[in-house]
Amino acid sequence: MVRLPPVIGHRGLSALAPENTCAAIHAAYSHGISWVEIDLSLLGDGTAVIFHDDTLERCTQHQGHLVDINREDLAWLDAGSWFSHEFAAEPIPTLAEMLSLLSTYHMGLNLELKAQPHVSHATIVRCAYSHIKKYWKSNQPIVISSFDHDILLAYRKADPDALLAMLYEDLQPDWQSVAHRIQPLSLHCHYTELTQDSITAIKSKGYQIAAYTCNNLNEAIQLWQSGIDTLFSDQAHLFTQYLNNKAE
Ligand code: G3P
Ligand code: MG
């Protein structure tokens, strides 16, 4: 069975490089981080890119909606300067580029599928599935997650062997019946919403648990002690360093 690692770099190593860019993956790799989480979205022309928001202003120098740009716009959009001038002109990566890069680095991947109003579930699933088949050259695992559990159900139909993860802000009362249909590897919840009872209940059903997004080492230590398998962190390099020192 695939075991999730204790730390996953959230949107790459997003404390040290602009989130969801190739630079954030280079930074994660060079700090010894073995897994990353990134967000999949589609542009207006259906191009699959790694980007978190529906709008451009937070993570680029530009205004507008992601759905209003196309593949040719990736050549001029700057997704790095907002973070630091050191990353000026860092592009929004395509999913194809990102899968190839992560394969080269032999990193594990959690690909989060973002629901978008203008895109059908079938399109999102087909896009992710076909890209992974074509561009994932590593023997490391890929876990597909989403807050939209209908997307996960569609993915399960497309790929009975896929490793899936149900995302929750806070765990909902019907989680067990939904999990029974999706057959996930893991449940991923906001770290402040998890209780010892919910952790125990999830683990007793055989699912792994990930908590997002924790950037404080003392809180991280408590979460690991409470039975959490994985933490998403923007500061994954600090958590990795702590765990490596502890193991020595
Ligand atoms: O996958 C964990 C976390 O990334 C979910 O929330 O908004 O950071 O994509 P968000
Ligand atoms: Mg995410």
Side-chain angles (χ1 to χ4, degrees), residues 2 4-22 24-25 27-28 33-42 48-60 66 79 82-83 92-93 95 98-99 102 107-117 119 124 127-128 131-132 141-152 155 162-172 175 178-179 182 184-194 198-199 202 207-216 219-220 223-224 228-236 239:
V2 168
L4 295 171
V7 186
I8 296 180
H10 185 238
R11 309 180 190 173
L13 182 42
S14 56
L16 299 188
E19 67 178 54
N20 281 326
T21 65
C22 291
I25 304 306
I33 294 161
S34 59
W35 280 63
V36 290
E37 182 262 8
I38 52 175
D39 303 294
L40 172 64
S41 300
L42 271 57
V49 295
I50 306 305
F51 202 77
H52 181 274
D53 298 358
D54 288 332
T55 54
L56 297 170
E57 53 264 24
R58 186 177 64 87
C59 290
T60 74
L66 197 66
W82 70 272
F83 186 86
I92 297 172
L95 175 61
M98 192 56 103
L99 292 174
L102 290 164
M107 292 170 87
L109 173 62
N110 175 194
L111 183 65
E112 183 188 340
L113 309 188
K114 290 293 184 195
Q116 291 173 275
V119 190
I124 295 169
C127 177
H131 276 76
I132 290 167
I142 296 188
V143 174
I144 305 289
S145 65
S146 187
F147 284 104
D148 190 319
H149 299 156
D150 289 334
I151 290 180
L152 294 178
Y155 207 99
L163 301 172
L164 302 180
M166 292 160 55
L167 266 164
Y168 282 105
E169 184 75 33
D170 54 333
L171 199 62
Q172 295 299 303
W175 70 266
V178 181
I182 292 176
L185 175 73
S186 50
L187 274 65
H188 300 181
C189 302
H190 194 278
Y191 79 103
T192 58
E193 302 292 339
L194 279 165
S198 59
I199 293 167
I202 291 167
Y207 306 117
Q208 294 174 57
I209 311 179
Y212 65 90
T213 299
C214 176
N215 293 325
N216 177 290
E219 287 174 317
L223 287 161
W224 286 317
I228 298 289
D229 297 284
T230 302
L231 290 178
F232 294 97
S233 181
D234 303 325
Q235 306 275 3
F239 292 8

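Counting starts at 1 for both ligands and their atoms, following the listed order. Side-chain atoms are counted along with the backbone in the values below, which use heavy atoms only and exclude waters and symmetry mates.
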Salt bridge (Lys or Arg N to Asp or Glu O under 4.0 Å) pairs touching residues 5-18, sequence neighbours excluded, are R11-E19, R11-D39
Sequence neighbours excluded, the answer for side chain to side chain donor-acceptor pair (under 3.5 Å) partners of S186 is H188
**Item:** D229 side chain near Y207 side chain, heavy-atom distance below 4.5 Å
**Value:** no
Would you say L111 and M98 make side-chain contact, with heavy atoms under 4.5 Å?
no
Rounded to the nearest 0.5 angstrom, the CD1-CG distance for I144 and L40 is 8.5 Å
Value for CE (M166) from OG (S145), rounded to nearest 0.5 Å, stands at 11.5 Å
Residues with a heavy atom under 4.0 Å from ligand 1, by chain and number, are H10, R11, E37, D39, H52, E112, K114, F147, L167, Y212
Review point. Is there side-chain contact between E193 and L171, with at least one heavy-atom pair below 4.5 Å?
Key: no
Rounded to the nearest 0.5 Å, the CD1 atom of I50 sits from the OG atom of S41 at a distance of 8.0 Å
Heavy-atom side-chain proximity of I124 to Y155 below 4.5 angstrom | no
Given a cut-off of 2.8 Å, the protein N, O or S atoms lying below it from the Mg ion (ligand 2) are E37 OE2, D39 OD1, E112 OE1
